[in-house]
S.K.: 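Can you read through this structure? Questions will come right after.
The analysis underlying the following values was restricted to heavy atoms, covering all of them including side chains, and did not include hydrogens, waters or symmetry mates.
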There are 2 protein chains.
Amino acid sequence: MASTVLYMSVSLDGFIEGTPDMPDHGFGRLHEWVFRDERPQGINGQIWDEMLSTGAVVAGRGTVEPANYWNGDHHDGVPIFILSRTRTESEYPDVAFVDDVVDLMTRAEEAAGDKNVLVHGVTVARLALAAAVLDEIELHVIPVLLGRGRRLFVENDEQIELERTRVLEGEGVTHARYRVIK
Amino acid sequence: MASTVLYMSVSLDGFIEGTPDMPDHGFGRLHEWVFRDERPQGINGQIWDEMLSTGAVVAGRGTVEPANYWNGDHHDGVPIFILSRTRTESEYPDVAFVDDVVDLMTRAEEAAGDKNVLVHGVTVARLALAAAVLDEIELHVIPVLLGRGRRLFVENDEQIELERTRVLEGEGVTHARYRVIK
C-alpha cells in the first residue's frame, strides 16, 4: 500500500523558510544538504534516492509555480497532482489540478501504485494532516536556529500522535521519519 | 572544561508545554519518558544518568518554585543557582540566587568543576543562548504535535548555528544533542 510522505527541510526551531532580509530568504541554508546539481553522498544520497523513487508527486501552487512546474517532470515522468481551487487545465500532460485535498491524495496514491507519494509544500501538508490523509512525515532537521520565518507547524487545536520510525544522521542534517497515528 | 547543557523535552512542533485545557497542561505527555519514580530503562536511563551526573544545576524561578526548590537538593547535593532579580536569600544552603545570566552560568560552571552544568527552564535557556553562555542543547523530542502551548524557541533576530553531536533513540523519545557554535 502506498504511503503519502511529506519530505521537508526544517530548522531546529521549526522554520521551513526565513524572512526576506535573510540571504535567499533562509531557504538556501535549509537546503544546503540537497540543493546541488548532483546526488549527495552517503545518507543524504539515500534520502535523495527515496524521494526520487516515489510514484507520484503532490504539491501546492506555492511550491510548483516558483519551480515552473518542474517543466512538467519532477522525476521520471511520474504524475504530478497540484492542489488548486481555481485552475483545472494544465499545459503539461503529467500535471493535473485537483481542488480537494482528500481527492488529491487519493488520486496520487492510485497513480503511484505500490510506490509512495512525495508530498511537497507546507500548505498541502497541513491540509492533508488535518484531513488525516498524510501518512508519514520525513523531516530533514537542519542544525540552525533561524529565529524568524515561516513555520512548518502552525497553532492547531488538534493533538496528533506520531510514531518515530527512523532517524538517520546525514552530513549537516538529521533525517527523522514519523508515521502519523490516525 | 565544564559544559552548560540545556536538557529539555519538546514536542515535534516545538512546544515545551501545552495549554491549561490539556490534561496536565500537556506537560505529562512530554515527560512520560522520564516522570517515573525510578530510572527508566535503556537509552532513556543513559540520559537520566547523564542529567544526574552533572555538577551543578541552573534554573529559573518558574521552574524551581513549582518544584519547591527540589527541597534544596536536585541530586547528590550539587549546588543550585537560580536566576532572580529580586531574591537574594535562600532557605536552603545549596541554593543561591544570581541576578545576571552570565554570572549565573559562570558561578555554576565554577561550582561544577569538571562536570557539566544542568540547565533547567526555558527562560534561563533563552537568556543564556542570547548571551552566548549556553554550550549545548539536549532535546528530548516527543513524537507528538501538541498544537498549542509554550514554545521552546521564540521569534529571534539572531540566527544561531549549531552542530549536531549525538542522536539517541530512546523508547518514545529521540534525544538530539547539539553544540552551540559561538
S.K.: Starting from B:Met8, can I reach B:Val5 by hopping between I/L/V/M/F/W/Y residues whose side chains sit under 4.5 Å apart?
M.R.: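 No, it is not one cluster - the side chains of B:Val5 and B:Met8 are not joined through contacts under 4.5 Å.
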S.K.: Hydrophobic cluster membership, with links at side-chain heavy-atom distances under 4.5 Å among I/L/V/M/F/W/Y: are A:Ile160 and B:Leu30 in one?
M.R.: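 Different clusters.
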S.K.: Counting only non-hydrogen atoms closer than 4.5 Å, does A:Leu12 touch chain B with its backbone (N, CA, C, O), its side chain (CB onward), both, or neither?
M.R.: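 Its backbone and side chain both get close to chain B.
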S.K.: Are A:Arg166 and B:Glu169 within salt-bridge range, i.e. N to O under 4.0 Å?
M.R.: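 No, A:Arg166 and B:Glu169 are not salt-bridged.
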S.K.: Could you check which of A:Gly172, A:Gly18, A:Gly149, A:Gly170 has the highest count of heavy-atom pairs closer than 4.5 Å to chain B?
M.R.: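 Among A:Gly172, A:Gly18, A:Gly149, A:Gly170, the one with the most close pairs to chain B is A:Gly170.
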S.K.: B:Asp157, B:Asp13, B:Val180: which one forms the most heavy-atom pairs within less than 4.5 Å of chain A?
M.R.: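 Winner by heavy-atom pair count: B:Asp157.
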S.K.: Measure distances from A:Val173 to the heavy atoms of chain B and classify the residue's part below 4.5 Å as side chain, backbone, both or neither.
M.R.: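 A:Val173 touches chain B through backbone heavy atoms alone.
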S.K.: Compare every heavy atom of A:Pro143 with every heavy atom of B:Arg164, then report the nearest pair and how far apart it is.
M.R.: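 Looks like N-CB, 4.2 Å.
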S.K.: Within the supplied structure, the quantity of interest is the number of heavy atoms (other residues, nucleotides, ligands) at a distance under 6.0 Å from B:Asn68 CG; does it exceed 12?
M.R.: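 Counting neighbours around CG of B:Asn68, more than 12 heavy atoms of other residues, nucleotides or ligands fall under 6.0 Å, so yes.
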S.K.: Working to the nearest 0.5 Å, report the span between CG of A:Leu162 and OG of B:Ser11.
M.R.: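 Here the interatomic distance stands at 9.5 Å.
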S.K.: Based on non-hydrogen pairs under 4.5 Å, which of B:Leu139, B:Asn156, B:Thr19, B:Val10 is most in contact with chain A?
M.R.: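 Highest number of heavy-atom pairs under 4.5 Å: B:Asn156.
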S.K.: Which bit of A:Glu155 is near chain B, if near means a heavy-atom gap under 4.5 Å: side chain, backbone, both or neither?
M.R.: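 Both parts, backbone and side chain.
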S.K.: If you draw a 6.0 Å radius around CG in A:Asp114, do more than 12 non-hydrogen atoms from other residues or ligands fall strictly inside?
M.R.: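 Counting other residues, nucleotides and ligands, CG of A:Asp114 stays at 12 neighbours or fewer.
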S.K.: Can you tell me which portion of A:Leu152 sits under 4.5 Å from chain B's heavy atoms? Options are side chain, backbone, both or neither.
M.R.: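 Contact with chain B is absent: no heavy atom of A:Leu152 under 4.5 Å.
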S.K.: B:Val154 versus chain A, heavy atoms under 4.5 Å apart: side chain, backbone, both or neither?
M.R.: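 Backbone only.
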S.K.: How long is the gap from CD on B:Glu158 to CG on A:Leu146, to the nearest 0.5 Å?
M.R.: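 Separation between the atoms: 12.0 Å.
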S.K.: Quick check on the hydrophobic clustering: are B:Trp33 and B:Leu118 connected, directly or via other members, by side-chain heavy-atom contacts under 4.5 Å?
M.R.: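 Yes.
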S.K.: Looking at OG1 of A:Thr174 and OH of B:Tyr178, how far apart are the two atoms once the value is rounded to the nearest 0.5 Å?
M.R.: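 One finds 4.0 Å between OG1 of A:Thr174 and OH of B:Tyr178.
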S.K.: Would you say B:Trp48 ends up clustered with B:Val117 if hydrophobic residues are merged whenever their side chains have heavy atoms under 4.5 Å apart, either directly or through other cluster members?
M.R.: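 Different clusters: B:Val117 never reaches B:Trp48 through Ile, Leu, Val, Met, Phe, Trp or Tyr contacts under 4.5 Å.
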S.K.: Of all of A:Val141, A:Ile137, A:Val167, which one pairs up most often with chain B through heavy atoms under 4.5 Å apart?
M.R.: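 Heavy-atom pair counts peak at A:Val167.
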S.K.: Determine, using the 4.5 Å side-chain heavy-atom cutoff (strictly less than), whether A:Phe81 and A:Met51 are members of one ILVMFWY cluster.
M.R.: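 Hydrophobic grouping puts A:Phe81 apart from A:Met51.
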